[in-house]
Number of protein chains: 2
Amino acid sequence: MHQPEHLKNAGLKSTLPRLKVLELLENAQDRHLTAEDIYRKLHEAGEEIGLATVYRALTQFEAAGLVTRHNFEGGQAVFELERGPHHDHIVCVHCGRVDEFYDKIIEERQRAIAKKLGFKLHEHTMTLYGECSGRDCPGRKNKG
Amino acid sequence: MHQPEHLKNAGLKSTLPRLKVLELLENAQDRHLTAEDIYRKLHEAGEEIGLATVYRALTQFEAAGLVTRHNFEGGQAVFELERGPHHDHIVCVHCGRVDEFYDKIIEERQRAIAKKLGFKLHEHTMTLYGECSGRDCPGRKNKG
DNA sequence: ATTGCAAATGAGAACGATTATCATTCGTAT
DNA sequence: ATACGAATGATAATCGTTCTCATTTGCAAT
Ligand SMILES: [Mn+2]
Ligand SMILES: [Mn+2]
Ligand SMILES: [Zn+2]
Ligand SMILES: [Zn+2]
């Protein structure tokens with residue numbers, strides 16, 4: 001369900017490459033993807049697109065509020081389609097799994113801290129790092 | 001007060017370049033510096049040192065727990081000497097000013113969230129971004 | 001349907017931050 | 001003082017991302 005209107009509404013011309021990127025973000029199993037993930041997945045699906053175009057599309061989507069960029073530690077930025085409300089992330093240091101959460105108390109405290117320090121708060125990043133308990137996580141201490 | 005013992009205790013050989021970097025981190029007015037900040041300040045002070053050596057020293061200090069690396073948004077990583085207990089940061093989007101804070105409630109919530117999601121928490125990053133109220137901040141709405 | 005033109009694309013060059021290479025120098029234990 | 005492994009510094013290389021520019025496309029006016 002990739003609507004050209006989504007792009008039009010965001011003030012972006014509806015082009016084939018942009019629609020492909022948007023569609024992939026909508027349908028991919030993983031919500032958090034690097035530019036190269038997207039480039040690779042599109043090529044695997046037989047779609048022609050340049051890497052520079054993927055980067056440009058993502059930057060524009062971000063500016064339009066369609067997409068959020070995260071700089072988890074380590075090289076590449078990851079992008080996710082803006083679906084629901086704000087949330088933060090916890091990342092497994094072994095398998096890279098990303099879980100999402102929202103904590104009202106933390107958000108309140110952040111606002112209070114900014115106020116106390118004399119800042120007009122714009123946004124924040126918060127990422128927790130740890131070891132997940134996935135059955136297939138390589139960091140798992142193999143017990144039954 | 002740059003003690004060779006600090007390096008020795010950290011398992012690092014006491015060399016002149018490392019002592020210079022450590023001394024600068026101890027004495028610089030700004031607690032949060034990029035590798036190039038350090039390189040530049042040392043050269044301005046007439047000290048000979050290679051940029052690669054600055055990067056290597058910082059990476060080793062980090063591994064030894066003497067220094068913490070932060071990836072605030074935008075290009076360069078910043079480093080700070082590990083002095084007291086853990087804290088997080090709030091950064092002014094206009095002037096780059098960095099303030100530090102610690103919030104016990106947030107830290108507690110983070111632990112609870114990780115537990116609920118089945119993660120063994122290792123660490124976290126939290127950075128707030130906003131507009132500071134410094135007299136000389138360029139983003140300041142000039143009112144008396 | 002054709003035309004015209006600004007905007008978008010893609011290939012590859014360029015860029016900035018960081019790391020790797022390697023010949024030379026240094027630190028330190030004998 | 002000697003010796004040897006580790007550290008240094010100049011520079012090349014790497015990596016993610018952005019820029020350049022010739023070509024193509026979207027789209028609106030014929
Ligand atoms: Mn997310
Ligand atoms: Mn700090
Ligand atoms: Zn995992
Ligand atoms: Zn400011």
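Labels below follow one simple rule: chain letters A, B, ... track the order of the sequence lines, proteins then strands, and each chain is numbered from 1.
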Show the distances under 3.5 angstrom between N or O atoms of the protein and N or O atoms of nucleotides 27-30 of chain C.
none

Each nucleotide N or O in nucleotides 16-19 of chain D that has a protein N or O under 3.5 Å away: list the pair and distance.
| from | atom 1 | to | atom 2 | distance (Å) |
| --- | --- | --- | --- | --- |
| D:dG16 | OP1 | A:Q76 | OE1 | 3.4 |
| D:dT17 | OP1 | A:A77 | N | 3.0 |
| D:dT17 | OP2 | A:Y55 | OH | 2.4 |
| D:dT17 | O5' | A:Y55 | OH | 3.3 |

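For the segment residues 91-98 of chain B, no residue has any heavy atom less than 4.0 angstrom from an atom of DNA chain D.
Within the structure, every pair that satisfies the salt bridge (charged side-chain N to carboxylate O under 4.0 Å, His left out) test and touches residues 66-79 of chain A, not counting sequence neighbours, is listed here: A:E62-A:R69. For residues 88-98 of chain A, the pairs satisfying side-chain hydrogen bond (donor to acceptor under 3.5 Å, both in side chains) are A:H32-A:H89, A:E80-A:H89, A:H86-A:D88, A:H87-A:H89, A:D88-A:H124, A:R97-A:D99, with sequence neighbours left out.
Partners of B:T34 under the side chain to side chain contact (heavy atoms under 4.5 Å, CB included) rule, at least two apart in sequence or in another chain, are B:E36, B:D37, B:Q76, B:V78. The side chain to side chain contact (heavy atoms under 4.5 Å, CB included) test applied to B:E108 returns B:K104, B:R111, not counting sequence neighbours. Residues that satisfy the side chain to side chain contact (heavy atoms under 4.5 Å, CB included) test with A:R83, not counting sequence neighbours, are A:R31, A:L81. The side chain to side chain contact (heavy atoms under 4.5 Å, CB included) check on B:A52 picks up B:R56, with sequence neighbours excluded. For the side-chain hydrogen bond (donor to acceptor under 3.5 Å, both in side chains) test, no residue two or more places apart in sequence or in another chain qualifies with A:S133.
The bend of the helix from C:dA1-D:dT30 to C:dT30-D:dA1, defined by the angle between the axes of its first five and last five pairs, stands at 30° to the nearest 10°.
The shortest side-chain heavy-atom distance between B:T15 and B:L7 does not fall under the 4.5 Å cut-off. Side-chain contact check for B:L33 versus B:F79: every heavy-atom pair is 4.5 Å or farther apart.
Here C:dT19 presents its P atom at 11 Å from CD of B:Q60, a figure rounded to the nearest Å. Put simply, CG on A:L58 is 13 Å from P on C:dG10, counting in whole angstrom units. Whole-Å rounding puts the A:I49 CD1 to D:dT24 C1' distance at 15 Å. In this structure, CG of A:L7 is placed 15 Å from C1' of D:dT25, rounded to the nearest angstrom. Remark: P of C:dA11 and CD of A:E48 are 7 Å apart, rounded to the nearest angstrom. If you take CZ of B:F61 and P of D:dA7, they are 11 Å apart, rounded to a whole angstrom.
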Pair up each side-chain donor or acceptor in residues 112-122 of chain A with any protein partner under 3.5 Å, not counting sequence neighbours, and list the distances.
| from | atom 1 | to | atom 2 | distance (Å) |
| --- | --- | --- | --- | --- |
| A:H122 | NE2 | B:E131 | OE2 | 2.6 |

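At least one donor-acceptor pair under 3.5 Å links the side chain of B:T59 to the backbone N or O of B:Y55.
By the criterion of side-chain heavy atoms lying less than 4.5 angstrom apart, applied directly or through intervening Ile, Leu, Val, Met, Phe, Trp or Tyr residues, B:F101 is not grouped with B:V91; the two fall into different hydrophobic clusters.
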Exercise. Would B:L22 and B:H6 satisfy side-chain contact (heavy atoms from CB on, under 4.5 Å), going step by step from the backbone distance to the final call?
Worked result: CA-CA 9 Å; B:L22 189 55; B:H6 286 175; 4.1 Å; yes
